Asker: 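Supplied in C-alpha cells, the structure appears directly below.
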Amino acid sequence: MRLGGVPFNLDVTLCCGQVFRWDKVGDWWYGVVGDCVFKIRRFDDELEFVKSDAELVRHYFGLDDDLHRISSIIGRDAQIKKALQRFWGLRIIRQDPWECLISYICATYKNIPAIKYMLDNLSRKFGQKVVFDGLEFFTFPEPAKLARASVSSLAECGLGYRAKYVFETSKRIFEGSFELEPLRQLPYEQAKKELYTLPGVGFKVADCVLLFSLGKLEAFPVDVWVKRVLLNHYAGKLPKELVKKISKPEGLSNVEYRLLNEFGRNYFGEYAGYAQEYLYHSERVHG
DNA sequence: CGTGGGCCTGTCTA
DNA sequence: ATAGACAGGCCCA
C-alpha cells in the first residue's frame, strides 16, 4: 500500500507503549489483531503487509486521522511542536476495546516489560494458538475464557492483585451487564463515568481505554510521565498551588489527576490525546 | 467528598 | 549475584 505522503511512523507507533503485543522480527512487525496475525513493514513510501487488507490496516493504525490538521490544532507551544517534529507520524492505534480494557487494568503499577509479560502469559494460557511464518502467536482471550477462569489461574500469569479485577471485570463483560461498544456513542465524560464502575478501572485506566480503543481523541491520560512533562515544561501554565502539590514524588490524588486531565483537554482541545502521546513519548525517550 | 496506606510481583539498579 | 527500590494506580478504611 502506497502511503502517498500520508505521515506514518510505524516503529514509533508500535514502540511508544500504547500497545503491548507487537514484536519485531528482522524488519517485520508481527502482531495479533482480532484472530489474525498482522505482518507489516515500512519501506520508503510503501507499507507492506501480509494477511490483512489495506482498509483494515488503514483503520487499525488510524491513518485516516488528518495528522496535519491535528498538528495545527494541538501545536500550541514550542514543547509540543518539538515532540511533533521528533516523532512525526506517530499514530493512535484503534485497539479492540476489550483487549485494551484488560491490558490497562493489568498495567497499573507496572512497567512496560512487565505488562507485556502478563498479557503474553494470559494469551498463551487462555487464547488460541495461531502458527504463522513458523512462529507461534496467540489470540487475546475472549471474555468468556477469563470469566470462567479461576482467580488463582489468572494470578499465575503474574497478575498479582490485578487477577481479581480482571476476573470480575471479565464476568461483567461476559454476562453482558456491561457493554463496551455503546460507549462510543456517549460523550466523553459520560463514557468515562460508566467505565469507573468496573473493578480495577480508575481515572487513568478509563482515559486510556477511551483514547486507545473507543475513539475519544480528547481523552488525556495522566500517568507519571505526563505528570513529569507538565511539571517540567508546563508549570507556568498551571496554578502555582497545583504545581507545588504535584512536585512531591508520590502519585497523584484524584483531585490532582482531574486538574491535570482538565488542563490537558482545555489547553490542547479536541485532539488532546494526540498531544498526550507525543509528549509522553518525548519525555520517555529524552527525559 | 477528600485523603492516606497497602498492595502482587517482574524489572531495574547498585 | 542478590537485595531493595520502583513500576504507565486502584481500592478501601
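Computed from a prediction, not measured in an experiment: that's the story for all the values here. Chain identifiers are assigned alphabetically (A, B, ...) following the order of the sequence lines, protein sequences preceding nucleic acid strands; residue numbering begins at 1 within each chain.
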Asker: For the pair made of OH in A/Y257 and C1' in C/dG9, what is the distance, rounded to whole Å?
Answerer: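 Nearest whole value for this atom pair: 10 Å.
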Asker: Which part of the nucleic acid, if any, lies within contact of A/G251, taking any heavy atom under 4.0 Å across all strands shown: a base, the sugar-phosphate backbone alone, or nothing?
Answerer: nothing
Asker: Without decimals, in angstroms, what is the distance between A/N254 CG and C/dC12 C1'?
Answerer: 12 Å
Asker: Starting from the 5' end of DNA chain C, give me the residue, A/G202 or A/R162, whose nearest nucleotide shows up first.
Answerer: A/R162
Asker: Taking any heavy-atom pair under 4.0 Å as a contact, classify A/Q18: base, sugar-phosphate, or nothing.
Answerer: base
Asker: Under 4.0 angstrom, heavy atoms only, what part of the nucleic acid is A/Y165 near: base, sugar-phosphate, or nothing?
Answerer: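 It contacts sugar-phosphate atoms only.
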Asker: Is there side-chain contact between A/K51 and A/K39, with at least one heavy-atom pair below 4.5 Å?
Answerer: no
Asker: Looking at the side chain of A/Y109, which of B/dT11, C/dA7, C/dC11 is the nearest nucleotide?
Answerer: C/dA7
Asker: Between B/dC8, C/dG9, B/dT11, which nucleotide gets closest to the side-chain atoms of A/P113?
Answerer: B/dT11
Asker: Is A/E48 salt-bridged to A/R41, cutoff N-O under 4.0 Å?
Answerer: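 Between A/R41 and A/E48 there is a salt bridge, with a charged N closer than 4.0 Å to a carboxylate O.
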Asker: Is the closest basic N to carboxylate O distance between A/D207 and A/K192 below 4.0 Å?
Answerer: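 Answer for the salt bridge query: yes.
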Asker: Which part of the nucleic acid, if any, lies within reach of A/L154 when heavy atoms closer than 4.0 Å are counted: base, sugar-phosphate only, or nothing?
Answerer: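 Touches nothing.
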Asker: Rounding to a whole Å, what distance do you find between A/Y104:OH and C/dA7:P?
Answerer: 17 Å
Asker: Grab the OH-P distance between A/Y161 and C/dG9 for me, whole Å please.
Answerer: 9 Å
Asker: With heavy atoms under 4.0 Å as the rule, sort A/R258 into base, sugar-phosphate or nothing.
Answerer: nothing
Asker: So is A/R258 actually on top of A/F203's ring, under 6.0 Å and inside 45° of the axis?
Answerer: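 Because its charged atom misses either the 6.0 Å distance or the 45° angle limit, A/R258 does not stack over A/F203.
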Asker: In this structure, how many angstroms lie between the C1' atom of C/dC10 and the CD atom of A/E168, rounded?
Answerer: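 To the nearest whole Å, that distance equals 13 Å.
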Asker: Between C1' on B/dT11 and CG on A/N121, what's the gap in Å once rounded to a whole number?
Answerer: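 Spelled out: CG on A/N121 to C1' on B/dT11 is 14 Å.
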Asker: Given atom CD of A/E256 and atom P of C/dC10, what is their separation to the nearest angstrom?
Answerer: 14 Å
Asker: Do NZ/NE/NH1/NH2 and the carboxylate oxygens of A/K227 and A/E256 come within less than 4.0 Å?
Answerer: no
Asker: What does A/P199 touch in the nucleic acid at a heavy-atom separation under 4.0 angstrom: a base, only the sugar-phosphate, or nothing?
Answerer: sugar-phosphate
Asker: If we call it a pair only when both distances are under 3.5 Å in a Watson-Crick or G-U wobble match, what pairs with B/dC8?
Answerer: none
Asker: For the side chain of A/K110, starting at C-beta, report the closest nucleotide among C/dG9, B/dT9, C/dA7.
Answerer: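 Closest nucleotide among those given: B/dT9.
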Asker: Thinking salt bridges, do A/R284 and A/D223 make one under a 4.0 Å N-O criterion?
Answerer: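 A salt bridge is absent here (no side-chain N lies under 4.0 Å from a carboxylate O).
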Asker: Taking the side chain of A/V255 as its heavy atoms from C-beta onward, which of C/dC10, B/dG2, B/dC12 lies nearest to it?
Answerer: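 The answer is B/dG2.
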Asker: Scan A/I112 against the nucleic acid and name what it touches under 4.0 Å (heavy atoms): base, sugar-phosphate only, or nothing.
Answerer: base
Asker: Between B/dG10 atom P and A/E156 atom CD, what is the distance in whole Å?
Answerer: 12 Å
Asker: Need one value for A/V222: base, sugar-phosphate or nothing, where a base atom within 4.0 Å counts as base even if backbone is also close, heavy atoms only.
Answerer: nothing
Asker: Quick one: which of B/dT3, B/dC8, C/dC10 gets closest to the side chain of A/T108?
Answerer: C/dC10
Asker: Please measure how far the P atom in B/dG10 lies from the corresponding atom in C/dC11, and state the result in whole Å.
Answerer: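 It works out to 22 Å between them.
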Asker: Mind checking if A/V201 touches a base, just sugar-phosphate, or nothing, with heavy atoms under 4.0 Å?
Answerer: sugar-phosphate
